Amino acid sequence: MTNGKIVSISGPLVIAEALPEAKMYEVVRIGRDKLFGEIIELHKQLVYIQCYEETQGLHPGEEVFLQKEQLSVELGPGLIGSIYDGIQRPLDFIYKQYGDFIPKGVDANPLPIDKSWQFTPLLKPGDTVTPGKKIGFVQETESVKHFILAPYDCEGTLQSIQAGSFTIRQSIAQVKQDDKVRDLFLSQTWPVRKSRPYLNKLVPDEPLITGQRVIDMFFPVANGGTACVPGPFGSGKTVIQHQLAKWATADIIVYVGCGERGNEMTDVLMEFPHLKDPKTGRSLMEKTVLIANTSNMPVAAREASVFSGITIAEYFRDMGYRVALMADSTSRWAEAMREISGRLEEMPGEEGYPAYLSSRIASFYERSGKIKTLDNDIGSLSVIGAVSPPGGDLSEPVVQSTLRVVKVFWSLEDKLAYARHFPAIHWLNSYTLYQKISDAYYAKNVDPAWPTIRETAMSLLQKENELQEIVRLVGTDALSEAEKLIMEISKSIKEDFLHQNAFDDIDTFTSAKKQFFMLRNIITYYQEGFEALKQKNILTEFLMKLPVREKIGRVKYIPETELDQCDLSDEIREAIRNISQMSEVSA
């Protein structure tokens, strides 16, 4: 290793004398405590290092050691259920060894090196090995079959392979490559700043079903798509990401806590082991990887945590899995970039953020997508990023840079949150570019009327918003009976459909079929009521007092096992027909 000397220290930025062999993004160890860092700028005379640990106690003159490798993560059996910091140190192992606080310079193997895994080959001697090919698998958890992939620089003929129990450091196969024999292992490493290769990107053709009604019905995200969740403090960004992590139809969940408060990560750690995956009935942790870099942990490591998380997510995507990554929150990551940029004395962009903010955010989100893997499987990676703009200002640079690259915008409103309306996603300010994909999928797999029902509901919400202006000025008495009906039905859509209780065992998740029944009940009530108002001498207030009106609001609490009870269409028609007949008789 080549050594250098520290020249100066400015927070997480360490400046060292020029190291002739140094390369960009090379990992270094700094000082007597061997702190972990990464080279982010090279000059003729100086090397600028981003330190991923607290630099308090470092002094000029201490040595810097080049490691001859880029910032990388180790990929292999043992990832699932693990809790890492931003540079993939296993926090549970460190806690057992050192207690509540991470000592300076501590190093630990990301994957358990002593644990044996039962390896089952998928190839035989003489087979051709190509980059990314599945050579076998390990049953990592009951929920996840962990496929062992050939490294991307490996191509040749399989000389030997054997089934049995192996650690990640023991050879499982040998490949003849360029007249040399190469050993293959259960694990491999990959640099976090480099996206993993694939054959080609595919157009997303199905939604990521989340069980959250406002998302699935009105603002869906595609399987392999991107979404942004901006909102002010207390509007429910973290709650939404927790819900998506719990209920989204993904095979693997990677949750990155990037600069958020420690108690929010604690909620994840406490809840997930007790939650059941709706598909398998097993613990949710059996398909989850957690990366925790909370607000009291080193600022610079926030950037590393985001890229470490998406590299792990790409690894499982390459096995042919549907992966969902939650980043909470990218604003804290951007703030870390702003701090480092300021210490580098770079020309600042808008609000002090670096000029390359947009390109750095885009480099993260562009790694999502539905792809054909090198082994001709289909895998997908969906990325949902929370953004925490100061004061809820959606015009600030991080939000705007994110909106340029993502295709779904869930606008969180503090007014809805303060009114205890969760999820606090505003139905008129949000948007999605995956609507056609979603409508086609649900029309085929749930009901052909799905797009019509959704469009009718959205048009009612838009009309209600326009009528609110009249009501504020002159009151509801100025509205016609048909307009009063729109106001009441819109209220029903918001309270009975869009409002969802994450703490209720039944209401926390709603299947697509039940969502369709719930909204169709409300739209049927509107359509039948509108016809009754048009043809009969009847008032809206009598329509809204029908007993079936309360039943519509209680459908959300009907279990998924009793879906047949959720369809009230016939009962609604009968009730409105009866009241119309009574109105005729009284007239």
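Source: prediction; values computed, not measured. Index from 1, following the sequence.
- Without hydrogens or angle criteria, H426 side chain to A424 main chain gives no donor-acceptor distance under 3.5 Å.
- With a 4.5 Å cut-off on side-chain heavy atoms, M458 and E455 do not count as touching.
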Salt bridge (Lys or Arg N to Asp or Glu O under 4.0 Å), that's the test. Do E466 and K463 meet it? Break it down for me.
CA-CA 5 Å; E466 296 167 2; K463 289 176 184 176; over 6 Å; no

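- The shortest side-chain heavy-atom distance between Y52 and D85 does not fall under the 4.5 Å cut-off.
- A 4.5 Å side-chain heavy-atom check between F422 and F503 finds every atom pair outside the cut-off.
- Counting only N and O atoms by type, the side chains of E74 and S187 include a donor and acceptor under 3.5 Å apart.
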(message) Does M217 form a side-chain contact (heavy atoms from CB on, under 4.5 Å) with T510? I'd like the steps, not just the answer.
(response) CA-CA 11 Å; M217 180 63 73; T510 308; over 6 Å; no

*Quick one: do R367 and F307 satisfy side-chain contact (heavy atoms from CB on, under 4.5 Å)? Show the steps, please.*
CA-CA 10 Å; R367 291 170 71 169; F307 286 106; 3.6 Å; yes

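- Within the 4.5 Å cutoff, no side-chain heavy atoms of I378 are placed close to those of T373.
- Formation of a donor-acceptor pair under 3.5 Å by the S72 side chain with backbone atoms of Q70 is found in this model.
- Here the closest non-hydrogen pair linking V387 and C228 is CG2-SG, 3.8 Å.
- No side-chain heavy atom of L71 sits under 4.5 Å from any side-chain heavy atom of E303.
- For the 3.5 Å distance criterion, the side chains of Q88 and S308 fail to qualify, holding no donor opposite an acceptor.
- Remark: side-chain polar atoms of Q188 are paired, donor with acceptor, to backbone N or O of L149 under 3.5 angstrom.
- For the residue pair L66 and E21, the shortest heavy atom distance occurs at CD1-C, 4.0 Å.
- Of the inter-residue distances, the one linking I40 atom CD1 with M337 atom CE reads 11.5 Å to the nearest 0.5 angstrom.
- Between E339 and R302 no salt bridge is recorded (no basic side-chain N to carboxylate O distance below 4.0 Å).
- Between the side chains of D318 and Y152, at least one donor N or O sits under 3.5 Å from an acceptor N or O.
- Between I437 and P204, the shortest heavy-atom distance links the atoms CD1-O, 3.1 Å.
- The two residues A245 and L284 come nearest to each other via the heavy atoms O-CD2, 3.9 Å.
- W410 places no side-chain N or O within 3.5 Å of a backbone atom of A227 that could act as its donor or acceptor partner.
- Across Q67 and E26, no two heavy atoms sit closer than the pair N-OE2, 3.7 Å.
- With rounding to the nearest 0.5 Å, the separation of OG1 in T330 from CZ in R360 is 14.0 Å.
- Between the H499 side chain and the R420 main chain, a donor and an acceptor come within less than 3.5 Å of each other.
- Between atom CD of residue E286 and atom CD1 of residue I252 there is a gap of 11.0 Å, rounded to the nearest 0.5 Å.
- No side-chain heavy atom of Y434 sits under 4.5 Å from any side-chain heavy atom of Y441.
- The nearest pair of heavy atoms linking K237 to P230 is CD-C, 4.2 Å.
- Salt-bridge annotation for E53 and K34: absent, with no side-chain N of the basic residue lying under 4.0 Å from a carboxylate O of the acidic one.
- Using modelled atom types, one finds a donor on one side chain and an acceptor on the other under 3.5 Å when comparing Q468 with E464.
- Although no hydrogens or angles enter the test, the distance criterion places a donor-acceptor pair under 3.5 Å between the side chain of S82 and the main chain of L79.
- Looking at heavy atoms from C-beta onward, L394 lies in side-chain contact with F409 at the 4.5 angstrom threshold.
- Within the structure, the salt bridge (charged side-chain N to carboxylate O under 4.0 Å, His left out) test picks out the following pairs touching residues 212-229 (sequence neighbours left out): R213-D507.
- To the nearest 0.5 Å, atoms OG1 (T249) and CG (L208) are separated by 4.5 Å.
- Put simply, the residue from I240, I215, L498 that forms a side chain to side chain contact (heavy atoms under 4.5 Å, CB included) with P423 is I240.
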### Message
Quick one, S341 with E346, criterion side-chain hydrogen bond (donor to acceptor under 3.5 Å, both in side chains). Give me CA distance, side-chain angles, the key distance, then yes/no.
### Response
CA-CA 6 Å; S341 177; E346 295 174 334; 2.7 Å; yes

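- With salt bridges taken as basic N to acidic carboxylate O contacts below 4.0 Å, none links E351 and R338.
- Of the N and O atoms on the side chains of S329 and S388, at least one donor lies less than 3.5 Å from an acceptor on the other residue.
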Show the numbers, then the answer: is there a side-chain hydrogen bond (donor to acceptor under 3.5 Å, both in side chains) between S382 and R322? CA-CA 8 Å; S382 310; R322 294 174 299 177; over 6 Å; no

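- Distance CD/E63 to CZ/R29: 15.0 Å, rounded to 0.5 Å.
- Between the side chains of Y315 and H146, at least one donor N or O sits under 3.5 Å from an acceptor N or O.
- Under the 3.5 Å distance criterion, the side-chain polar atoms of K287 are matched with a main-chain donor or acceptor of A250.
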Going through the checks in order, is the side-chain contact (heavy atoms from CB on, under 4.5 Å) test met by I102 and L91?
CA-CA 8 Å; I102 303 175; L91 295 179; 3.6 Å; yes

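- The backbone N or O of E38 lies less than 3.5 Å from no partner atom in the side chain of Q50, so there is not a single donor-acceptor pair.
- At least one donor-acceptor pair under 3.5 Å links the side chain of K201 to the backbone N or O of S368.
- Counting only distance, with no hydrogens or angles, the side chain of S430 and the backbone of S411 share a donor-acceptor pair below 3.5 Å.
- Note that CG of L433 is 8.5 Å distant from OG1 of T226, once rounded to the nearest 0.5 Å.
- Side chains of Y255 and H242: a donor-acceptor N/O pair is present below 3.5 angstrom, by distance only.
- In the model, T508 has a side-chain atom that pairs as donor or acceptor with a side-chain atom of Q243 under 3.5 Å.
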side-chain contact (heavy atoms from CB on, under 4.5 Å) evaluation trace for Q241 with I384: CA-CA 8 Å; Q241 291 211 314; I384 295 100; 3.7 Å; yes

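- The shortest side-chain heavy-atom distance between I6 and I49 does not fall under the 4.5 Å cut-off.
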